[in-house]
Amino acid sequence: LLRLAEVPLNQYDPALTRMIREIHFTGFTCIRLLRYSSDKKIVPYLADTWFLHPDGRTWEFSLKRGVLFHDGSPVRARDVRFSFERLMNPALSSPYAQLFSVIEGADDFIAGRARSVSGIRVLDDQRLQFVLKSSFNYFLSLLALGYSSIVKEDAEHFSKPFSRGQVISAGPFSFSADAEDGEARDTLLANPNFVNGRPFIDRVEIRRDIANQVEELVAGGLDVSYNITAAAMKSLRERGFTGTEHSYLSRYCYGLAVNFAKRGAFAAYPELRRALAMAVDKDALVRGELEGQALRADTLLSPELFDAGGAVWLPYDPAEAKRIVDSYRSRTDLAKTFRVAIRDYPAVPRLAEIEERLGSVFAELGLSVAFDRCPLAKPIDSYRDEYDFIFLGFLPELDLYSAVEPFINPNGGDNYFGYRNDELFALLEDSIAVQDLHERHERFLTIVERLTKDVFMVPLFFLKSVCAARSEEHTSELQ
């Protein structure tokens, strides 16, 4: 038995997941053609072998034999085709559909001009091909991510979302429809037919009604808790916690996103956005409010994901920031009160003090600002009509293309607030066929630099977090 806690999910459908808690659940219950190993390498999952044809754009996959869905039926190549066509079905409105426009015939299908994707070809029950428009060096990475989960062919759900308990896949755990659970608990059972062998854990219980995970961990109600702050971890130790700890740098980039959909002054003028970024003393924020338990963010991507060589393209310079803002007062309306939403992240410590610091940044620029604290349950696209800025956390994917594309594609899955930079998007698309590793890195360095300088968000920090687990002997007692 493994007991952990997550906040309630908005989506159980892998094609529609956006939040990290939803991605976690998908990882527990669903299978993909490929997966990322712990050292970030692409390895087999449902696919046994794959190869690229001499034309440079046709990928052929052979599935592992004998793989079963949770209901006991066999996984076939047609289920793979169904899963990707479903993801691209315009009626489903998956935020990831455009990522797969690289497949031949996908544009016509996404636009509703074709009934199937011509570039997905089923050869037999165990083999299928993906024919791309051209060489695309990140295609395998797309197949390893959560939204590429393989689900059982189900005509009823081709155009509508799966709800809780409806997804049939072949992941390490299956959903248990225990009537006693209700919405406050998801119970998952070990899949005895899992392709990589039966999990060592018989059952996973995910609690969704716990207000204080640290208290529950001390009391013995949880076995694992993650995203624990340094202060909370100190409290755990003081109260006699003797379990294991694992420190890590979160990939979540917390920052101030600009709402381009409101078409205000900051949306219209990149110089104003750059001034705002230059006005924030991120080092002081990390030392002060975050008590050193964070890393300043100079780009959207953490240094573990992308090495920018320590570049700081928008250094702290409050005097220059104020000069820029003052120079725009005669050109645009800067006398209004700018509205800022603060998403109430439990993992972010001292949000009130962070809000106070951001308020002082606007004040020093001579700008009026009003803050609203918003619950995480508030849908992220509901901010578009009300707020000029939103404090939030973005979670980039592991591969560089998928890490950047959703933010700069006008139709991207994480482009919530109407950001558009056609020149930057063209640079990203031009990088698709580049095979040389050094050239790819240099291309992405240019893309990340231009994205940072265009300031679709002001990146602030990456949190240093802890995952704590109760000791093995305690866990065994609870079993």
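The figures here come from the full heavy-atom set of this structure, side chains too, leaving out hydrogens, waters and symmetry mates. Residue indices begin at 1 and follow the sequence shown.
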Charged N to carboxylate O below 4.0 Å: is that the case for Lys322 and Glu320?
no

Give a yes or no on whether the ring-centroid distance for Phe82 and Phe158 is below 6.0 angstrom.
yes

Evaluate the criterion side-chain contact (heavy atoms from CB on, under 4.5 Å) for residue pair Val224 and Leu222; output intermediate values, then yes/no.
CA-CA 6 Å; Val224 176; Leu222 291 177; over 6 Å; no

So that I can tick it off, tell me whether Asp186 and Arg208 are bridged by a salt bridge, with the cut-off set at under 4.0 angstrom between side-chain N and carboxylate O.
yes

Considering only distance and modelled atom types, tabulate donor-acceptor pairs under 3.5 Å from the side chains of residues 168-175, sequence neighbours left out.
{"unit_1": "Ser169", "atom_1": "OG", "unit_2": "Ile31", "atom_2": "N", "d": "3.1"}
{"unit_1": "Ser169", "atom_1": "OG", "unit_2": "Ile150", "atom_2": "O", "d": "2.6"}

Any chance you could lay out the side-chain contact (heavy atoms from CB on, under 4.5 Å) test for Gln293 and Thr229, step after step, and finish with the verdict?
CA-CA 8 Å; Gln293 297 305 311; Thr229 64; over 6 Å; no

If every non-hydrogen atom of Pro14 is compared with every non-hydrogen atom of Cys30, which pair is closest and at what distance?
CG-SG, 4.2 Å

Tell me if the aromatic rings of Tyr254 and Phe461 count as close, with their centers under 6.0 Å from one another.
yes

Euclidean distance, Leu463 CG relative to Ser302 OG, rounded to 0.5 Å
12.0 Å

Quick check for you: to the nearest 0.5 Å, what is the distance between Asp307 atom CG and Phe444 atom CZ?
14.5 Å

Roughly how far apart are Ile408 CD1 and Leu428 CG, rounded to 0.5 Å?
4.5 Å

Is it true that Arg450 and Asp454 have a side-chain N and a carboxylate O under 4.0 angstrom from each other?
no

Any side-chain donor paired with an acceptor under 3.5 Å for Tyr36 and Ser141?
yes

One thing to verify: whether Arg443 and Glu439 come together as a salt bridge, which I'm taking to mean a side-chain N less than 4.0 angstrom from a carboxylate O.
yes

In short, Gly146 meets Thr26 closest at the heavy-atom pair O-CG2, 3.6 Å

When Leu285, Asp283, Leu290 are each screened for side chain to side chain contact (heavy atoms under 4.5 Å, CB included) with Arg287, the one that passes is Asp283

Only one of Arg164, Arg86, Lys160 clears salt bridge (Lys or Arg N to Asp or Glu O under 4.0 Å) with Asp13; which?
Arg86

Val43 vs Arg35 side-chain heavy atoms within contact, under 4.5 Å
yes

Salt-bridge criterion met for Asp326 and Arg329 (N-O under 4.0 Å):
yes

Using the salt bridge (charged side-chain N to carboxylate O under 4.0 Å, His left out) rule, take Glu449 and Lys453 through it: C-alpha gap first, then chi angles, then the decisive distance, then the call.
CA-CA 6 Å; Glu449 178 181 0; Lys453 289 181 176 179; 2.8 Å; yes

Under 4.0 Å between a side-chain nitrogen and a carboxylate oxygen: does that hold for Arg237 and Glu245?
yes

List the steps and the verdict of side-chain contact (heavy atoms from CB on, under 4.5 Å) for Phe84 and Val117.
CA-CA 9 Å; Phe84 285 99; Val117 179; over 6 Å; no

Can you confirm whether more than 12 heavy atoms, excluding those of Arg420, are under 6.0 Å from its CZ atom?
no

Kindly indicate whether the side chain of Arg343, heavy atoms from C-beta on, has any atom under 4.5 Å from the side chain of Ile380.
yes

Check for me whether the distance between the ring centres of Phe362 and Phe389 falls short of 6.0 Å.
yes

Side-chain ion pair, Glu22 and Arg18, N-O less than 4.0 Å
no

Using 4.0 Å as the upper bound for N to carboxylate O, is an ion pair formed by Glu6 and Arg207?
no

Output field: ring centroids Tyr387/Phe338 closer than 6.0 Å:
no

Assess whether side-chain contact (heavy atoms from CB on, under 4.5 Å) is satisfied between Tyr316 and Met278, documenting all intermediate values.
CA-CA 5 Å; Tyr316 176 55; Met278 294 162 60; over 6 Å; no

For the residue pair Glu238 and Ser235, confirm or rule out a side-chain donor-acceptor distance under 3.5 Å.
no

Closest heavy-atom pair and its distance - Arg350, Gly288
NH1-O, 3.4 Å

Would the Tyr252 and Phe462 ring centres measure less than 6.0 Å apart?
no

How long is the straight-line distance from CZ of Phe241 back to OG of Ser225, given to the nearest 0.5 Å?
9.0 Å

Would you please indicate if the ring centroids of Tyr226 and His24 are separated by under 6.0 Å?
yes

Report the C-alpha distance between Arg239 and Glu215 in whole Å, list the side-chain angles of each, state the deciding distance to 0.1 Å, and finish with yes or no for salt bridge (charged side-chain N to carboxylate O under 4.0 Å, His left out).
CA-CA 10 Å; Arg239 297 174 64 179; Glu215 290 292 334; 2.7 Å; yes

Thr337 side chain to Ser368 side chain, donor-acceptor N/O pair below 3.5 angstrom:
yes

A side-chain contact here means heavy atoms from C-beta on lying under 4.5 Å apart; do Leu143 and Tyr45 qualify?
no

Any Lys/Arg nitrogen of Lys378 or Glu386 sitting under 4.0 Å from an Asp/Glu carboxylate oxygen of the other?
yes

Between Phe25 and Tyr12, does the ring centroid distance fall short of 6.0 Å?
yes

A side-chain contact here means heavy atoms from C-beta on lying under 4.5 Å apart; do Leu249 and Leu295 qualify?
yes

Should Glu304 and Arg251 count as an ion pair when the cut-off is N to O under 4.0 Å?
no

Measure the shortest side-chain to side-chain distance between Asn259 and Phe266 over non-hydrogen atoms and say whether it is less than 4.5 angstrom.
no

Can a side-chain donor-acceptor contact be found between Tyr419 and Asn409 if the only test is distance below 3.5 angstrom?
no

If the test is salt bridge (Lys or Arg N to Asp or Glu O under 4.0 Å), which one of Lys336, Arg263, Arg273 qualifies with Asp388?
Lys336

Less than 4.5 Å apart, side chain to side chain, heavy atoms only: is that true for Val448 and Thr446?
no

